[in-house]
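Along the sequence shown, the residues carry numbers beginning at 1. For ligands, and for the atoms within them, numbers begin at 1 and follow the listed sequence.
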Amino acid sequence: MAALRNLLVAASVASVAVASGSDSLKSCLRYALTDSGSVAFPGDLFYQQVDVNRYNLNIPVTPAAVTFPTSSQQVAAVVKCAADNEYPVQAKSGGHSYGNYGLGGTDGTVVVDLKHLQQFSMDSTTWIATIGSGTLLGDVTQRLHDAGGRAMSHGTCPQVGSGGHFTIGGLGPTSRQFGAALDHIVEAEVVLANSSIVTASDTQNQDVFFAIKGAASGFGIVTEFKVRTEPEPGTAVKYEYTFKVGSTQERADLFKQWQAYVSNPNLTRKLASTLTVLEDSMVITGTFFGTEEEYNALDIGSQWPGVNGSAIVFQDWLGLVGNWAEEAALQLGGGVPSNFYSKSTAWTPSNLMNSDTIDKMFEYIDNADKGTLAWFILFDFQGGYTNDIPTDATAYAHRDVLIWLQSYSINLLGSVTQTQINFLDEVNSLVTNDGAPYSAYPGYVDPLMEHGPEAYWGANLPRLQQIKEEIDPQNVFRNPQSPSPAN
Ligand SMILES: Cc1cc2nc3c(=O)[nH]c(=O)nc-3n(C[C@H](O)[C@H](O)[C@H](O)COP(=O)(O)OP(=O)(O)OC[C@H]3O[C@@H](n4cnc5c(N)ncnc54)[C@H](O)[C@@H]3O)c2cc1C
Ligand SMILES: *[C@@H]1O[C@H](CO)[C@@H](O)[C@H](O)[C@H]1NC(C)=O
Ligand SMILES: *[C@@H]1O[C@H](CO)[C@@H](O)[C@H](O)[C@H]1NC(C)=O
Ligand SMILES: *[C@@H]1O[C@H](CO)[C@@H](O)[C@H](O)[C@H]1NC(C)=O
């Protein structure tokens, strides 16, 4: 538990340092937000349970205040109160950061809860949608559908917020075809550290635009997105192949077959695929965006002979998205808070695991003390459109990734144990090829990871630090792993 305990000690030191300005902060916020219930402070009734409402119960955090502004102007006023009193600021949209970074990730942050920013409109000439940054993904899907049968790429958990998802990446089943959620953003309204409200796009405030597409939490608060949309995909086929137990070698061989299949550069972008390793099984699931005939012609099942498969055909987009949500709920309990730890890493087409490494990974997985049965490891096939965008075009840097690893260990009884953490750490170190720079997905926050900013933003970190120096030199917008100013 040493690592977790260090995190706790760091958190309590921070809270002492900021305590002095608290009266002045309170009066400033109460003056800025006059509606009843629009600001809450530690000590208020149900502060932790209702206003704070942590997602990862394993990470304690007490914000200095939680605010509920109703407009961009109020967001700006809150930022000004916090900056003038030297408090850090974080936006909270859906509150689903694995590190509770929407609450600051550590004590003493002024939280800007965006739940009232629900504006929505569709321009039916350009099919560009305007979306308030407090909108949850489930509502994004529904509102785009209602506004002319439109869609965009995003993840599958409906309780995740657009604010944290569109600004960090946003990978989902359609990303191989349409890009990450952030690749849809054509313009954003952003509140900066000096509390000015600016428009960021390819032609205005380009540095801000670059930074908010992948690293927004350290650069400002997006209040509104304008996004490109696509016609809803029509017919789609959801497939699932389940492999119960099997020897370690059989499991490793199945993984090798899957990796070989998805690493064929000619594979259609209409196919999404995830391989999940669980305590007692391996599952290959995904969606094919096309007709049943086209799906059958792919003959996926022949890739893994002897494995049981099934497929469901969906004619309607909302039905398909609803089915993904049920699947997400089975995996991580969906939107429900729990004690868990998670890690990520990635491979590009040129550094995929070789056969020996895959064998070693399964030997380790099958023999290690995992500290729980409630663990799983996902291997997400990426590539496609997300690889078409140059690395230096957006803060999101992992443009060469073909496969993402996400690992999870959950404790339903209390805090995550060091044994659970060690297991996920060891898997990551086994599979990361020597010498390859360590990559992590910034949307799967790993608060215990060293060199977080390097792993999250890779080659784009120096430019982000430069922009940070220019637009937020006092580091107003911060969490434990956001980029620091260059000087
Ligand atoms: C069950 C579950 C399933 C998931 N599935 C996927 C998936 O399929 N694909 C995927 O890519 N990711 C997925 N994620 C990860 C998810 O994208 C991130 O956790 C995301 O950052 C959460 O956004 P949020 O708004 O809900 O969280 P919050 O905690 O509110 O915010 C997360 C971070 O973003 C910042 N932020 C929020 N809003 C704004 C804003 N308007 N302006 C600037 N900064 C802002 C916050 O300050 C914080 O640092 C999943 C997470 C969960 C819990
Ligand atoms: C396929 O399903 C059958 C019947 O449920 C089961 O006995 C068999 O073990 C399964 N095969 C694999 C490879 O999981
Ligand atoms: C991909 O397609 C090209 C052109 O049809 C072909 O030459 C190549 O061999 C294919 N590659 C693989 C790995 O199938
Ligand atoms: C606020 O900061 C931005 C970015 O640095 C700058 O362009 C703008 O002029 C500043 N506004 C004010 C009022 O100082």
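Here the heavy atom of the protein found nearest to atom 2 (O) of ligand 4 is Asn194 ND2, 2.3 Å. Of the protein's non-hydrogen atoms, Asn266 ND2, 2.4 Å is the one closest to atom 10 (C) of ligand 3.
Looking at ligand 1, you won't find any N or O of Ile168 less than 3.5 Å from one of its N or O atoms. Considering backbone and side-chain atoms together, Gly164 places an N or O closer than 3.5 Å to an N or O of ligand 1. Looking at ligand 1, you'll find an N or O of Leu171 within less than 3.5 Å of one of its N or O atoms. An N or O contact shorter than 3.5 Å links Gly161 to ligand 1 by distance. Taking any N or O of Lys92, backbone or side chain, none lies under 3.5 Å from an N or O belonging to ligand 1. Considering backbone and side-chain N/O atoms, Tyr441 comes within less than 3.5 Å of an N/O atom of ligand 1. Looking at ligand 1, you'll find an N or O of Ser97 within less than 3.5 Å of one of its N or O atoms. At least one N/O-N/O distance between His96 and ligand 1 falls below 3.5 Å.
With Tyr444 as the aromatic partner, Lys343 does not meet the cation-pi criteria of under 6.0 angstrom to the ring centre and within 45 degrees of the ring axis.
Taking all heavy atoms of Glu189, Gln90, His154, Arg54 into account, the minimum distance to atom 49 (O) of ligand 1 is reached by Gln90. The closest non-hydrogen atom to atom 17 (O) of ligand 1, taken over Gln159, His165, Lys115, comes from His165.
Short contacts between ligand 4 and Ser196, defined as distances under 4.0 Å to a heavy atom of the residue, involve ligand atoms 1 (C). When each atom of ligand 1 is checked for a heavy atom of Tyr101 under 4.0 Å away, the hits are 47 (O), 48 (C), 49 (O). Proximity to Asn264 (heavy-atom distance under 4.0 Å) selects the following atoms of ligand 3: 12 (C), 13 (C), 14 (O). Ligand-side atoms of ligand 4 in range of Glu470: 5 (O), range being under 4.0 angstrom from any heavy atom.
Residue contacts with ligand 1 include Tyr55, since one of its heavy atoms falls under 4.0 Å from the ligand. Proximity of Phe477 to ligand 1 is not established, as no heavy-atom distance is less than 4.0 Å. At least one heavy atom of Gly95 sits under 4.0 Å from some atom of ligand 1. Distances shorter than 4.0 angstrom occur between a heavy atom of Gly220 and an atom of ligand 1. Heavy atoms of Gly169 come nearer than 4.0 angstrom to ligand 1 in no pair at all.
Checking Asp446 against Tyr341 by side-chain atom types alone, a donor-acceptor pair falls below 3.5 Å. Residues Tyr408 and Tyr98 bring a donor and an acceptor atom of their side chains to less than 3.5 Å of each other. For the residue pair Gln74 / Thr70, a side-chain donor-acceptor distance below 3.5 Å is found, with atom types taken as modelled.
Contact check for Phe477 versus Ile221: side-chain heavy atoms found under the 4.5 Å cut-off.
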Open item on the list: Between Thr141 and His154, is the side-chain hydrogen bond (donor to acceptor under 3.5 Å, both in side chains) condition met? List the steps.
Closed with: CA-CA 9 Å; Thr141 307; His154 55 66; 3.2 Å; yes
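For the pair Ser153 (side chain) and Gly179 (backbone), a donor-acceptor distance under 3.5 Å is present.
For atom 4 (C) of ligand 3, the protein comes within 4.0 Å by no heavy atom at all. Within the 4.0 angstrom cut-off, atom 7 (O) of ligand 3 has no protein heavy-atom neighbours.
Aromatic rings of Tyr55 and Phe340 (six-membered ring for Trp) have centroids within the 6.0 Å cut-off, being under it.
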